[in-house]
Amino acid sequence: MSADVIAELKEKLRGISLLEHSIALLEWDQETYMPAGGSESRAAALGEIVGIKHKRAQDPALGECLSKAEDVASGSGDLDLQALVREVRYDYEQAIRIPVPLASQIAESCSQSMAAWKSAKDNDDFAQFAPLLEQQVRLQSQFADCLQDEELCPYDILMNQYERGMTSARFGEICKVVVPGLQSLVERAASQPATTPAFMKGPWDREKQLAFSKEVAAELGYDFNRGSLDLTSHPFCTSPAAPHDVRITTRVSEDNFTSNLYGVIHESGHAMYEQGLDPEWEHTPLCDSISLGIHESQSLFWENEIGRSEAFWSHFLPKLRDYFPGPLEGVGAQEMANAVNPVRPSLIRVEADEVTYGLHIALRFELEQGLFDGSIQTSDLPGLWREKMQEYLGIQPDTDREGVLQDIHWSFGLFGYFPTYLLGSLYSAQFYQAINQEIDIEAEVSAGRFEGILQWLRTRIHAPGRRRLPLELLEDATGQTLDPSVLITSLDRKVGLVQGN
Ligand code: ZN
């Protein structure tokens, strides 16, 4: 009887997961190979399948089966089973508490608002986007009301959609440490040469770039037998059937090989997380990533901690030189590491370096918090943006296109999402520190040995899936609680190396 209940629950979850597989694949194809003419019928197909999936996810029969499974799990002493029903309950409660009309209104308003954002950005006209942005804030507040929680404010509820267990109070405390720490690093780095070294200027042949970055991804541990690499204008990673079918995309620019290389390493980091999930629990939340912050920690770990290190270049520079012998003749690993670690305040978040990036996030967090506690109106945003840029980074945009209109997130109603980028860097720095106590990372990387490092991440971060919440996972893996000073210390060391002192 009890085995039957669990089997029935797994069967229902499998059905939902297979629909998600189809959705992910249709979306991936839409971004990569679908001819432009296919967009209308693709939207219809996606709408149909997403509708079926939502219905299944809030089916009362699933709720009944889950209640029975909870009884079985509670007396079983089986920790996996207990984690499974806890996570299915979490998803189910979320699904049933959002009324269908609100969900469709949000979906509809996203496509409208994204179109308005695009045009407002092109025309540098914030006023065009403002009413839609206001609507997004209103809809997301209603969304948060549906999930009302005694302990969490509406903005916290939104943050929890992406990072369970995080609150604005906690994140605010983190910013109090991180912001001044990063600011003093920016000051310290100001003596760095502001020009790009001549050997970085290119042009870099596209095909060779792709061949090299593919070679790097494979060496780091991205399994191409269960993964692919394609071209898109915005790089991403998607996982139709983790851990068996995971896909990444990239872009290539002739004047800058780092955009492609670090893009591929970043997305491979995301993909390796998905490839490391536990196949035994395929189609269930135990074979799913726990949060965006943890996901980002995996991409940033490989991109920044490993990929931008001198050790990385000791190993990979000769290989890059095989592809591009001319421009790289006589360039050493340290020179290369310096060239890929510039620290310079800039206006655009996605182009920001590792040090200034967190300041862009702190700014967005502060504005979002204000939008949801009512202390900031959407009409205040362009002015506040300039003020905060001045305060945090010492520069100001001349246009809203390079200011408040630069990111797509708000047009999608993604509020509370930005903090996960900074959390990703914090986690990643702590993972590095913990691994380094067991494995000499620099020695391994210089020798081109990555299996030990990946194995550490596999066991402690990837395989647990959603068994542990983000902050629990961090503690289990590192023996430490979240400590923002680790990131600052690690960046301080890096800035020191680049400065040559
Ligand atoms: Zn990422």
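In each ligand, atom 1 is the first atom listed, and ligand 1 is the first ligand listed. Only this structure's heavy atoms are used, side chains among them; waters, hydrogens and symmetry mates stay out.
Residues Q334 and E310 have side chains that never bring a donor and an acceptor to within less than 3.5 angstrom of each other. With no hydrogens or angles considered, a side-chain donor-acceptor pair links Q298 and H462 at under 3.5 Å.
Geometric assessment of K121 against the ring of F129 yields a negative cation-pi assignment under the 6.0 Å and 45° thresholds. With Y421 as the aromatic partner, R364 does not meet the cation-pi criteria of under 6.0 angstrom to the ring centre and within 45 degrees of the ring axis.
Around the Zn ion (ligand 1), the protein N, O or S atoms closer than 2.8 Å are H266 NE2, H270 NE2, E296 OE1, listed by chain and residue number.
Between S428 and S297, the closest heavy-atom pair is CB-O, 3.5 Å.
Environment of CD in E442: sparse, with no more than 12 heavy atoms of neighbouring residues, nucleotides or ligands closer than 6.0 Å.
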